[in-house]
Colleague: 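Please find one structure pasted underneath; my questions will follow.
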Amino acid sequence: KGKGKGKGKKGDKGKEPGAPREADPKQVFVANIGDMPEEELRQFFEDAGDVERVKVLRTPEGLSKGVGFVTFGTVEQAQKALTMSGTPIEGRSLVVRLAHGGNKGERGEKGDKGGGKGGKGCFNCGGDHLAR
């Protein structure tokens, strides 16, 4: 309490409000988690290392969107978590990949999101991890 002047979070100096965040190499995006609670997700990923933060994305009604983010203590731990992709969890095949930091405009040539007529690509982020 009483620390700082309330002018933003540590490390935000010189950044425009609403500007895309830098990708955090210690953070992974996880999908196909169903309605798994954050604490259960934390316990699952502790096999990879020190879990600093877990965030499950939710609808305005509070229901899980089945995706989230896990931030680790080190880059090496995040890399280890990537090897957990494909692990069966709650009857689904877990998807784990590096988080891109919310840079929605930097997906590739002409803003291609991997979707299209074939219905491939993640409905949430446009990635190709669901196109298998």
Side-chain angles (χ1 to χ4, degrees):
K1 293 180 183 179
K3 294 180 183 176
K5 296 180 182 176
K7 292 189 177 182
K9 295 180 183 176
K10 182 179 176 183
D12 282 350
K13 295 177 184 172
K15 293 186 181 178
E16 297 175 30
R21 293 181 304 273
E22 294 286 323
D24 183 350
K26 298 185 292 183
Q27 186 177 66
V28 296
F29 169 81
V30 293
N32 283 347
I33 60 173
D35 58 3
M36 178 182 280
E38 289 182 358
E39 189 53 40
E40 219 172 293
L41 197 59
R42 174 183 297 275
Q43 290 172 358
F44 178 82
F45 278 103
E46 282 176 346
D47 286 348
D50 178 35
V51 177
E52 290 188 347
R53 181 173 184 258
V54 175
K55 178 71 176 171
V56 173
L57 301 186
R58 299 192 177 279
T59 66
E61 294 78 29
L63 300 174
S64 172
K65 290 185 176 184
V67 298
F69 296 92
V70 180
T71 307
F72 292 90
T74 68
V75 172
E76 292 75 22
Q77 292 168 349
Q79 292 293 320
K80 185 175 179 184
L82 295 176
T83 67
M84 299 168 84
S85 194
T87 303
I89 191 167
E90 292 201 355
R92 298 176 176 89
S93 180
L94 183 68
V95 173
V96 183
R97 63 184 176 85
L98 283 176
H100 59 63
N103 300 320
K104 292 182 179 180
E106 299 180 15
R107 291 197 200 273
E109 195 172 314
K110 297 183 183 177
D112 181 25
K113 294 182 180 178
K117 292 181 182 178
K120 296 178 183 171
C122 176
F123 68 90
N124 188 48
C125 70
D128 64 355
H129 53 267
L130 299 180
R132 292 184 180 141

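Note that this is a predicted model, so its numbers are computed, not measured. Residues take their numbers from the sequence shown, with the count starting at 1.
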Colleague: Specify the closest pair of heavy atoms between Ala78 and Pro25, including all atoms of both residues, with the distance to one decimal.
Modeller: CB-O, 3.5 Å
Colleague: Donor-acceptor pair, Ser85 side chain versus Val96 backbone, under 3.5 Å?
Modeller: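 Checked: pair present.
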Colleague: Testing Glu46, Gln43, Gln77 one by one against Val51 for a side-chain contact (heavy atoms from CB on, under 4.5 Å), which residue passes?
Modeller: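 Output: one option passes, namely Glu46.
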Colleague: Show the numbers, then the answer: is there a side chain to side chain contact (heavy atoms under 4.5 Å, CB included) between Phe69 and Val28?
Modeller: CA-CA 6 Å; Phe69 296 92; Val28 296; over 6 Å; no
Colleague: For Asp47, is there any backbone N or O sitting under 3.5 Å from a side-chain donor or acceptor partner on Lys80?
Modeller: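 Yes, the answer is positive, given that a donor and an acceptor are paired below the 3.5 Å cut-off.
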Colleague: What pair of heavy atoms forms the shortest contact from Phe45 to Phe72, and how long is it?
Modeller: O-CE2, 3.5 Å
Colleague: Stepwise, does the side chain to side chain donor-acceptor pair (under 3.5 Å) test hold for Thr71 with Glu52?
Modeller: CA-CA 5 Å; Thr71 307; Glu52 290 188 347; over 6 Å; no
Colleague: Which heavy atom in Phe44 sits nearest to a heavy atom in Leu94, and how many Å separate them?
Modeller: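 Residues Phe44 and Leu94, closest heavy atoms: CE2-CD2, 3.5 Å.
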Colleague: Membership question, hydrophobic clusters at under 4.5 Å side-chain separation (ILVMFWY): are Leu82 and Val70 in the same one?
Modeller: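 Yes, Val70 and Leu82 fall within the same hydrophobic cluster.
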Colleague: Can you tell me how far NE2 of His100 sits from CG of Asp24, rounded to the nearest 0.5 angstrom?
Modeller: 13.5 Å
Colleague: Has the side chain of Ser93 got a donor or acceptor atom that lies under 3.5 Å from a matching backbone atom of Pro88?
Modeller: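 Between the backbone of Pro88 and the side chain of Ser93 there is no qualifying donor-acceptor contact (under 3.5 Å).
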Colleague: Mind listing the closest non-hydrogen atom pair of Gln79 and Leu98 along with its distance?
Modeller: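 Taking every non-hydrogen atom into account, NE2-CD1, 4.0 Å.
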Colleague: Could you tell me which non-hydrogen atom of Ser64 sits nearest to which non-hydrogen atom of Gly34, and how far apart they are?
Modeller: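 Nearest heavy atoms, Ser64 then Gly34: OG-O, 2.8 Å.
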